[in-house]
S.K.: 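Just dropping this structure here.
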Amino acid sequence: MTPCSDWAERLLAHASNTLSTVEERLVAAHLKHCEGCRAELRGTQALFEQFGATLDAGDERMLAALDRELLPTLRRQRERTLRAHRTARVSLAAGLAAVALLGSWQRLPRHALGHSVELPGTVELASADGLTFDDDAVGTFSLEDDGALEGTEAEP
Amino acid sequence: MTPSTLKPALRLVEGEGAEAQRYAETVQAFLAGSEEAFAQLASLHQRTVYAVVRRYVARPEDAKDLTQKALLQAYAARPKVLGRLSQEPFAFKAWLLRIAVNVGKNHARMLRLWRMEPVGHLTQVEDGHQLPGAELELNEQRKRLRAAIVKLPPRQQEVVSLRLDGELSFAEIGEALGITENNAVVNFHYAVRKLKSLLGEEAP
């Protein structure tokens, strides 16, 4: 006997337990007097049962092994992750420290780093009016970050 | 391992009741970072995850590896879940099976890339075992079913596996695969019809 084509969808939904109560009643009533649909339903249910029985003895062994191994594997993974995070934090801290050190070194005046320039005892500074200054009081000149020459000029 | 021998502390319970409450609390504990809670959930669902990824591999050993991979990915992905968690209760199982499907699909893609033997061509009968008649017949059925599933379009494979192996509702399947519930139903119906037709053709 062949199943009723207009009931096929509902039979499948019935087998999948997705029908509403009202529709369930309709299907049950139809199945009572339709051998074709009953056979169709049995086929569908058999297929679903086959799905449930696809795991064999080899699979069961693997599942048992999984049960044993899962927690240790999880712990190993967590330790690896923690180690990686720790390494990343240390690397980041070292990097930041290096950047900070470099930055402060660049901001330091040269004389503070021993790069000051000692001028000779007599400095001749040409002024706009052609006069020459001669002074022993010599200032120290140093280069700042912006490259501007700064220092104490010889007193006139 | 049968479902009755799963972790006694926790059972898969949907809906309401004390056990459902306990399950929801375990999920919350996992989201809060509890490794033990995740181990309980993983142990509870690992059979389902295994059954889903088993559709993508030929050997039980590979299915075991993929199951472990999916579970570890889920564990590592917890912060991402927290980031986009809405007010609704978190559907842990659907989320886990979505990861399992993706792990399985990636594995299958790699197999195709390396031109390895397709899943459906491999027998499940274990070497060196003299199986009794009934068990032999069952193995033949498994083999036929596996071969038939491989012939389905990928989306139908996913839907039918999530529904029958994963026991997800169509709404959950839709959520997991990024399709509508109705689309999941339609795909499922097409898949079942085609499977019945394929198995009917091959039946002796």
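Here is the naming used below: chain letters follow the sequence lines, and residue numbers restart at 1 for every chain.
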S.K.: Is it the side chain or the backbone of B/Glu36 that comes within 4.5 Å of chain A heavy atoms, both, or neither?
M.R.: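 No part of B/Glu36 comes within 4.5 Å of chain A.
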S.K.: With only heavy atoms counted, which part of B/Val185 is less than 4.5 Å from chain A, the side chain, the backbone, both or neither?
M.R.: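 For B/Val185, no heavy atom lies under 4.5 Å from chain A.
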S.K.: Roughly how far, to the nearest 0.5 Å, is OG of B/Ser43 from CG of A/Asp67?
M.R.: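 Result: 4.5 Å between the selected atoms.
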S.K.: Where does A/Glu40 contact chain B at under 4.5 Å (heavy atoms): side chain, backbone, both or neither?
M.R.: both
S.K.: Quick test of your reading: applying side-chain hydrogen bond (donor to acceptor under 3.5 Å, both in side chains), list the pairs with at least one residue in residues 82-95 of chain A, sequence neighbours left out, ordered by first then second residue.
M.R.: none
S.K.: As an exercise: rank A/Ala13, A/Ala15, A/Ser16, A/Ala46 by heavy-atom pairs under 4.5 Å with chain B and give me the winner.
M.R.: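 Looking at each option in turn, the highest pair count goes to A/Ser16.
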S.K.: Determine whether A/Phe51 and B/Leu195 make a side-chain contact, defined as any pair of heavy atoms from C-beta on separated by less than 4.5 Å.
M.R.: yes
S.K.: To the nearest 0.5 Å, what is the distance between OG1 on B/Thr67 and CG on A/Leu63?
M.R.: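 Those atoms lie 7.0 Å apart.
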S.K.: Which of the residues B/Lys64, B/Arg163, B/Glu61 is involved in the greatest number of heavy-atom pairs with chain A at under 4.5 angstrom?
M.R.: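 Top option by heavy-atom pairs under 4.5 Å: B/Lys64.
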S.K.: Does some side-chain heavy atom of B/Leu145 sit less than 4.5 Å from a side-chain heavy atom of A/Leu47?
M.R.: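 The answer is yes; the side chains approach within 4.5 Å.
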S.K.: Mind checking the CZ-CG spacing from A/Arg80 to B/Leu72? Nearest 0.5 Å is all I need.
M.R.: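 The CG atom of B/Leu72 is 8.0 Å from CZ of A/Arg80, to the nearest 0.5 Å.
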S.K.: Mark yes when over 12 heavy atoms from residues, nucleotides or ligands other than A/Arg25 sit less than 6.0 Å from its CZ; otherwise mark no.
M.R.: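 No, the 6.0 Å shell around CZ holds no more than 12 heavy atoms from other groups.
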S.K.: Just how far is it from atom OH of B/Tyr50 to atom CG of A/Asp59, taken to the nearest 0.5 Å?
M.R.: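 Reported value, rounded in 0.5 Å steps: 3.5 Å.
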S.K.: With a 4.0 Å cut-off, would you call A/Glu60 and B/Arg47 a salt bridge?
M.R.: yes
S.K.: Distance check, rounded to the nearest 0.5 Å: B/Tyr190 atom OH versus A/Leu12 atom CG?
M.R.: 12.0 Å
S.K.: Any idea which heavy atoms bring B/Phe170 and A/Thr18 closest together, and the distance?
M.R.: CE1-CG2, 3.3 Å
S.K.: Using 0.5 Å steps for rounding, measure from the CD atom of B/Gln68 to the CE atom of A/Met62.
M.R.: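 Answer for the CD-CE pair, B/Gln68 versus A/Met62, is 11.5 Å.
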